[in-house]
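Every heavy atom of this structure was used, including side-chain atoms; hydrogens, water molecules and symmetry mates were not. Chain letters run A, B, ... following the sequence lines, proteins first, then strands; residues in each count from 1.
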Amino acid sequence: MSGLIDLIAEALVRVRVKRPLVHHITNFVVMNDCANITLHIGGSPVMAHDREEVEEMVSLADSLLLNIGTLSGDRIDSMVLAGRCANKKAIPVLLDPVGAGATVMRSQAAKRLLREVKISFIKGNAGEISVLAGEDAAVRGVDFAETSGDLAKVACRLAKEYNCTVIITGAVDWVSDGQSTYSVQNGHKLMSALTGTGCMAGSLVAAFAGAVEDPMLAALSGLTCFGIAAELAAKREQNPASFKTALFDEVYALNSEKIKMLARFERVS
Amino acid sequence: MSGLIDLIAEALVRVRVKRPLVHHITNFVVMNDCANITLHIGGSPVMAHDREEVEEMVSLADSLLLNIGTLSGDRIDSMVLAGRCANKKAIPVLLDPVGAGATVMRSQAAKRLLREVKISFIKGNAGEISVLAGEDAAVRGVDFAETSGDLAKVACRLAKEYNCTVIITGAVDWVSDGQSTYSVQNGHKLMSALTGTGCMAGSLVAAFAGAVEDPMLAALSGLTCFGIAAELAAKREQNPASFKTALFDEVYALNSEKIKMLARFERVS
Amino acid sequence: MSGLIDLIAEALVRVRVKRPLVHHITNFVVMNDCANITLHIGGSPVMAHDREEVEEMVSLADSLLLNIGTLSGDRIDSMVLAGRCANKKAIPVLLDPVGAGATVMRSQAAKRLLREVKISFIKGNAGEISVLAGEDAAVRGVDFAETSGDLAKVACRLAKEYNCTVIITGAVDWVSDGQSTYSVQNGHKLMSALTGTGCMAGSLVAAFAGAVEDPMLAALSGLTCFGIAAELAAKREQNPASFKTALFDEVYALNSEKIKMLARFERVS
């Protein structure tokens with residue numbers, strides 16, 4: 001993995017030099033956190049969701065993030081408009097299907113977006129991704145007690161179906177582009193005591209996708225950087241709000257040396 | 001009170017075992033804080049407000065919180081839909097009438113919700129509750145300089161009128177179910193230097209209401225836990241932003257011992 | 001400047017005595033931060049945006065802040081309604097034209113507000129203000145790499161055009177009422193690693209505008225107080241999330257002595 005780790009370290013440098021503009025159409029719960037973490041990794045966040053301006057805004061952007069938490073009908077339409085415009089300009093699009101499987105509205109919104117927009121990345125937890133892949137999954141709210149084992153295969157199958165890169169976040173993260181599949185071990189269990197850490201992972205992947213060409217590299221970069229920052233934060237803080245502050249600080253303070261020393265992932269197929 | 005204190009300590013254990021799903025339809029200012037504090041006490045928050053999905057989402061939930069801050073017409077309709085669905089499934093509903101008395105829209109929204117939905121808990125500050133109880137009250141924005149004295153009676157009368165549990169938050173909290181009335185002394189004045197502490201108290205009560213049957217126990221549990229966490233936080237931090245971080249950490253770190261040592265409330269009628 | 005510094009110190013006392021109610025119609029990203037920083041300086045924030053209640057709410061307020069981030073058509077209409085009502089009651093109005101120049105919708109919204117509402121303060125970054133002043137400016141998202149030099153003149157010209165006080169925030173802040181123009185040196189570069197610091201500066205100026213008559217004094221008070229707090233915070237914290245907590249704490253802990261010792265601004269014309 002040492003070649004890939006070097007590429008991740010270079011990708012972080014590239015984000016900080018380019019300062020990719022990440023257009024978010026995201027939920028109200030995490031907007032502030034996602035804007036800040038995008039800034040801390042080195043990107044530039046912008047939030048805009050009205051039909052009237054999303055096409056113009058995404059045209060300025062380096063990547064587009066669509067997150068279906070706290071959804072409304074208007075917002076789905078805006079996401080489709082922005083997504084199609086991004087497609088025309090070859091701007092990568094990340095879909096975060098928050099709560100897919102919990103309600104019909106969210107499942108249908110995720111499927112509509114996958115049908116009408118060319119999605120580059122689907123990032124969800126085990127429940128959400130399983131639902132999109134047609135697996136049986138009991139989804140309750142926006143949480144899901146993930147099961148191990150077949151997640152690598154679920155990610156791979158969904159990646160092939162939509163010709164994209166699929167990311168499953170959890171205690172272990174899984175990434176597949178349909179050809180190769182990786183597991184990422186970086187991270188810390190305190191992340192699950194905070195709302196929106198999955199959404200923040202999406203912001204980081206989208207920031208990398210706005211700065212590097214290779215989707216697998218962007219996905220692994222976002223996940224390992226976030227996970228390493230969490231591990232470093234958890235060494236200093238054991239309670240969730242202090243940990244959150246430390247996590248954001250550590251994302252800002254990441255560098256090549258930390259990545260090279262701490263990145264832990266492996267190719268599983 | 002020692003029997004009741006033991007029940008509160010057990011209620012906290014019960015929240016952490018059950019992880020009740022608390023469906024919030026709440027204002028934009030506090031969404032992130034309310035989601036995090038629900039997680040830290042041991043619950044699972046979900047935020048969803050579109051008419052199309054609120055009934056399905058609340059059907060999965062253990063309690064429903066309706067908060068009328070940053071209100072809109074659409075959102076009131078969603079609250080009524082969600083509330084009626086919760087009633088059918090016997091899921092407890094907490095109403096936080098933020099700003100009732102400040103504008104006609106908010107007063108009418110609160111009254112419509114009380115008319116069309118069976119509310120289990122009304123939680124507000126002295127001004128909001130006084131307005132709903134038909135008392136004279138000068139409400140300015142979402143603040144109110146509370147007056148002492150008759151608040152116990154106001155809470156009791158409103159509880160009888162709507163056959164529910166009424167909570168008045170402030171320097172001293174008051175809780176009445178129309179039969180018995182309690183005052184809660186736990187808390188710290190730094191809470192008033194932060195936005196949304198009243199809303200967060202609602203999230204905690206709703207989390208308890210999703211895990212224990214008795215409404216008075218749920219109310220006292222939420223208020224004492226929040227107040228104890230604030231007291232512990234204020235021992236470490238004297239400025240509001242640091243205090244906020246400490247407050248969230250202390251909610252997460254609460255346990256039976258701290259509750260038994262620090263809970264301070266009394267029955268006043 | 002010593003006379004003016006004394007007036008700023010007195011203005012802070014006045015905010016804390018009066019507790020001005022600052023009605024915000026602002027974007028979803030910064031609502032929580034703007035509410036908290038308004039509380040910490042000594043004001044009282046309220047957020048309300050529905051057409052049905054904005055006129056009633058602003059009638060209770062001491063100042064009105066209109067921020068066009070995360071805009072929608074409905075919200076512009078509400079801003080116009082609230083703004084006109086504020087004008088009738090002589091309540092000062094601050095406009096924050098977030099992203100003007102990035103999309104046609106935002107530029108037009110800012111211009112409509114300037115046309116239909118008497119604005120007391122326009123506060124933006126170099127790109128946004130340049131766009132409103134008819135200067136060439138490349139605006140990308142909500143960021144802008146500011147150029148020095150003519151900003152004082154741009155501020156002065158726009159202030160004359162709309163007979164208001166114009167504030168340009170950046171590494172150096174510029175304030176002009178068309179008659180006199182000041183630069184403010186207080187501040188720290190870590191502010192740019194956080195989302196919404198410009199919006200927060202708006203909240204502080206609006207809080208002062210709700211407590212003192214003189215617009216130039218309100219503007220200089222808000223900017224120097226925020227900048228001094230940032231400098232004190234940066235002495236303790238070098239990473240952005242810890243810095244943010246320290247910044248909020250320092251706003252709360254500001255006093256006359258700190259202002260008199262640390263305020264740095266000068267009249268440039």
Quick check against the 3.5 Å criterion: does C:D249 have a side-chain atom that pairs as donor or acceptor with the backbone of B:A241? yes
Rounded to the nearest 0.5 Å, the CG atom of B:N239 sits from the CD atom of C:E250 at a distance of 7.0 Å
Looking only at B:T70, B:V30, B:D33, most heavy-atom pairs under 4.5 Å shared with chain C are made by B:T70
Hey, which of B:S192, B:P240, B:G69, B:G196 has the most heavy atom pairs under 4.5 Å with chain C? B:P240
Measuring from atom CG of B:L71 to atom CD of C:E52, what distance do you get when rounded to the nearest 0.5 angstrom? 8.5 Å
Can you confirm whether C:H49 sits close enough to B:F28 that some side-chain heavy atom of one is under 4.5 Å from a side-chain heavy atom of the other? yes
Chain B contact via C:N27 - side chain, backbone, both or neither, heavy atoms under 4.5 Å: neither
Side chains of C:E56 and B:T103: do they bring a donor and an acceptor to under 3.5 Å? no
Relative to chain C, which segment of B:Q238 carries a heavy atom at a distance below 4.5 Å: side chain, backbone, both, or neither? backbone
Please flag which part of B:N32 lies under 4.5 Å from any non-hydrogen atom of chain C: side chain, backbone, both or neither. neither
Segment of B:L190 engaging chain C (4.5 angstrom heavy-atom cut-off): side chain
From B:F243 CZ over to C:F248 CZ, what is the distance, rounded to the nearest 0.5 angstrom? 16.0 Å
Separation between CG of C:N36 and NZ of B:K244, rounded to the nearest 0.5 Å: 5.0 Å
How far does OG1 of B:T195 sit from CD1 of C:I37, to the nearest 0.5 angstrom? 13.0 Å
Close side-chain approach of B:M105 and C:M57, heavy atoms under 4.5 Å: no
